[in-house]
Amino acid sequence: MASRLHAFNRFELKYLVPVEQAAEIRDELAERMDRDLHSPVGGYGVWSLYYDTPQLRFYWEKIEGLKFRRKLRIRHYGNLEQVTDDSSVCVEIKQRVNRVTQKRRITLPYGMARRLCDGREMVDHSAKESAFIQEVLELTVRLNLQPTAVTGYQREALVGRETDTGLRVTFDRRVRGRDRDFHFGVQTPENRFTIPPHLSVMEIKVNERTPHWITDLAARRNLNLVRISKYVQSIEAFGLAPRSVFHINEADCPPPTLTEEQPPQQRPAQHDASLKAGAQ
């Protein structure tokens with residue numbers, strides 16, 4: 001059996017920017033970067049099921065800023081409308097070692113991934129995949145990991161050209177999540193926005209050093225680094241833990257002021273029900 005295992009290390013910088021500004025930045029970056037071959041116009045869906053202990057150990061490790069921490073998740077790329085047990089997903093361990101983000105993952109059919117992570121069963125694998133599979137099983141059994149939160153968003157990705165090998169910039173919008181309905185194939189999941197929908201998360205990912213022209217762009221556009229975690233945001237949005245320094249409060253990030261063409265009385269009310277409907 002050929003190995004389905006993939007691993008890489010990265011440094012990551014995150015910014016929170018309005019969707020309109022994110023589009024302008026993306027167009028500017030496109031002058032020096034290429035669109036990711038897997039990223040169609042308009043982007044693609046990214047859905048992740050996070051596992052944690054009943055006491056939310058991984059959540060608290062993030063909050064406390066431990067220099068070594070990790071998370072287990074199952075990730076699906078694309079829409080969820082036709083997800084079956086045969087659909088390809090990634091079982092991934094994402095860990096932080098000091099300032100470096102490390103990811104190790106294996107591509108499996110969805111049904112097999114659930115047997116591994118939920119059923120805690122050994123699944124077929126090659127010799128090269130054995131250590132990773134064993135680590136996933138050890139984590140799920142020793143820590144009693146269980147499905148805890150789902151996150152989802154629409155992603156557009158750009159990659160560096162020859163002079164910027166290893167550079168990757170992503171724009172994630174419509175960031176939403178849920179604390180139930182953990183199966184990807186659920187027909188009517190109860191998602192809600194966990195980051196205000198007028199905001200986009202911009203991430204700069206590099207293998208070693210951030211190109212100077214990227215940092216110049218960020219300074220010129222007054223972009224400020226933010227401490228944000230989509231998993232933490234989902235945990236706190238549903239009241240599973242107190243709000244932390246990582247929480248993005250909608251009141252602190254109001255949408256743009258209304259223009260004369262869109263007077264206040266014509267603005268639709270954004271009640272909880274409508275937000276949930278939009279998050280689907």
Side-chain angles (χ1 to χ4, degrees), residues 1-10 36-40 43-54 56-59 61 69-96 101-155 157 170 172 176-191 229-231 234-235 280:
M1 180 185 299
S3 176
R4 300 159 293 184
L5 194 63
H6 181 62
F8 50 90
N9 300 341
R10 281 183 179 149
D36 189 319
L37 293 178
H38 301 288
S39 179
Y44 56 94
V46 181
W47 294 91
S48 300
L49 169 60
Y50 286 87
Y51 291 77
D52 210 332
T53 70
L56 300 179
R57 171 175 172 162
F58 296 159
Y59 165 85
E61 288 180 349
R69 58 184 185 268
R70 54 186 168 177
K71 293 193 288 279
L72 173 68
R73 65 191 181 194
I74 295 179
R75 172 164 284 190
H76 173 73
Y77 295 94
N79 63 59
L80 299 180
E81 296 176 355
Q82 298 177 341
V83 171
T84 68
D85 283 350
D86 297 324
S87 300
S88 292
V89 299
C90 295
V91 176
E92 183 172 281
I93 293 177
K94 180 179 181 180
Q95 64 188 37
R96 179 89 169 203
T101 298
Q102 301 177 339
K103 295 182 183 180
R104 290 168 293 135
R105 65 189 181 199
I106 185 172
T107 302
L108 297 174
Y110 184 42
M112 185 180 294
R114 288 178 60 86
R115 294 206 312 274
L116 173 64
C117 298
D118 294 357
R120 303 172 186 178
E121 301 176 14
M122 179 61 70
V123 296
D124 292 338
H125 60 277
S126 68
K128 291 183 178 180
E129 300 164 348
S130 181
F132 181 80
I133 294 291
Q134 292 285 356
E135 183 178 356
V136 172
L137 281 175
E138 190 269 340
L139 279 174
T140 57
V141 173
R142 176 171 61 86
L143 299 180
N144 187 27
L145 298 184
Q146 57 193 22
T148 304
V150 172
T151 65
Y153 43 89
Q154 196 74 4
R155 166 168 287 182
T170 58
D172 300 335
R176 50 216 192 271
R178 60 181 184 263
D179 63 345
R180 65 200 72 184
D181 300 332
F182 295 126
H183 194 289
F184 284 154
V186 172
Q187 294 298 311
T188 54
E190 291 191 27
N191 296 314
S229 163
K230 299 181 183 76
Y231 171 61
S234 284
I235 291 294
Q280 305 308 315

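As the structure is a prediction and not an experimental result, all values here were calculated from the model.
The line from OG1 of Thr151 to OH of Tyr153 is 5.5 Å long, rounded to the nearest 0.5 Å. Distance CD/Glu129 to CD1/Ile106: 3.5 Å, rounded to 0.5 Å. For the atom pair CZ (Arg96) and CD (Glu61), the distance works out to 13.5 Å, reported to the nearest 0.5 Å. The CG atom of Asp36 sits 9.5 Å away from atom CZ of Arg155, with the distance rounded to the nearest 0.5 Å.
Salt-bridge check for Arg70 with Glu135: passed, with a basic side-chain N closer than 4.0 Å to an acidic carboxylate O. With respect to the salt-bridge test (charged N to carboxylate O, under 4.0 angstrom), the residues Glu121 and Arg115 qualify. Between Glu92 and Lys71, none of the side-chain N atoms (NZ, or NE/NH1/NH2) sits under 4.0 Å from a carboxylate O, so this pair counts as no salt bridge.
The ring-ring contact (aromatic ring centres under 6.0 Å, His included) test with Phe184 is passed by exactly one of Tyr110, Tyr77, Trp47: Tyr110.
The two atoms that bring Tyr44 and Ala157 nearest to each other are OH-CB, 4.2 Å, heavy atoms only. When all heavy atoms of Pro189 and Asp181 are compared, the closest pair comes out as CA-OD2, 3.8 Å.
Using a 4.5 Å cut-off on side-chain heavy atoms (C-beta onward), Tyr50 and Ile74 make no contact. Put simply, the side chain of Arg105 does not reach to within 4.5 Å of the side chain of Ile93, judged on heavy atoms. Looking at Ser130 and Ile133, their side chains never come closer than 4.5 Å, going by heavy atoms from C-beta outward. Side-chain atoms of Val91 and Leu72, non-hydrogen and from C-beta on, do get closer than 4.5 Å to each other. Annotation: side chain of Leu145 is not in contact with side chain of Arg57 (no heavy-atom distance under 4.5 Å).
Listed for the Arg114 side chain is no donor-acceptor partner under 3.5 Å among the backbone atoms of Cys117. Between the side chain of Arg176 and the backbone N or O of Val150, no donor-acceptor pair lies under 3.5 Å. A distance-only check finds no donor-acceptor pair linking the side chain of Asp52 to the backbone of Gln146 [under 3.5 Å]. When atom types are taken as modelled, the side chain of Thr140 and the backbone of Leu137 share a donor-acceptor pair closer than 3.5 angstrom. For the pair Arg73 (side chain) and Arg75 (backbone), a donor-acceptor distance under 3.5 Å is absent. Counting only distance, with no hydrogens or angles, the side chain of His125 and the backbone of Val123 share a donor-acceptor pair below 3.5 Å. Side chain of Ser39 to backbone of Gly43: no donor-acceptor contact under 3.5 angstrom is found.
For Asn9, the side-chain contact (heavy atoms from CB on, under 4.5 Å) test picks out Val100, Gln102, with sequence neighbours left out. Remark: Ser229 pairs with Lys62, Tyr231, Val232 by the side-chain contact (heavy atoms from CB on, under 4.5 Å) rule, at least two apart or across chains. For Asp179, the salt bridge (Lys or Arg N to Asp or Glu O under 4.0 Å) test picks out no residue, with sequence neighbours left out.
A donor-acceptor contact closer than 3.5 angstrom links the side chains of Tyr51 and Asp118. For the 3.5 Å distance criterion, the side chains of Arg4 and Thr107 fail to qualify, holding no donor opposite an acceptor. For the residue pair Asn144 and Arg120, a side-chain donor N or O sits within less than 3.5 Å of a side-chain acceptor on the partner.
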Report task. For side chain to side chain contact (heavy atoms under 4.5 Å, CB included), just list the numbers for Asp172 and Gln154, CA-CA rounded to whole Å, side-chain angles, deciding distance to a tenth of an Å, and then say yes or no. Result -> CA-CA 6 Å; Asp172 300 335; Gln154 196 74 4; over 6 Å; no
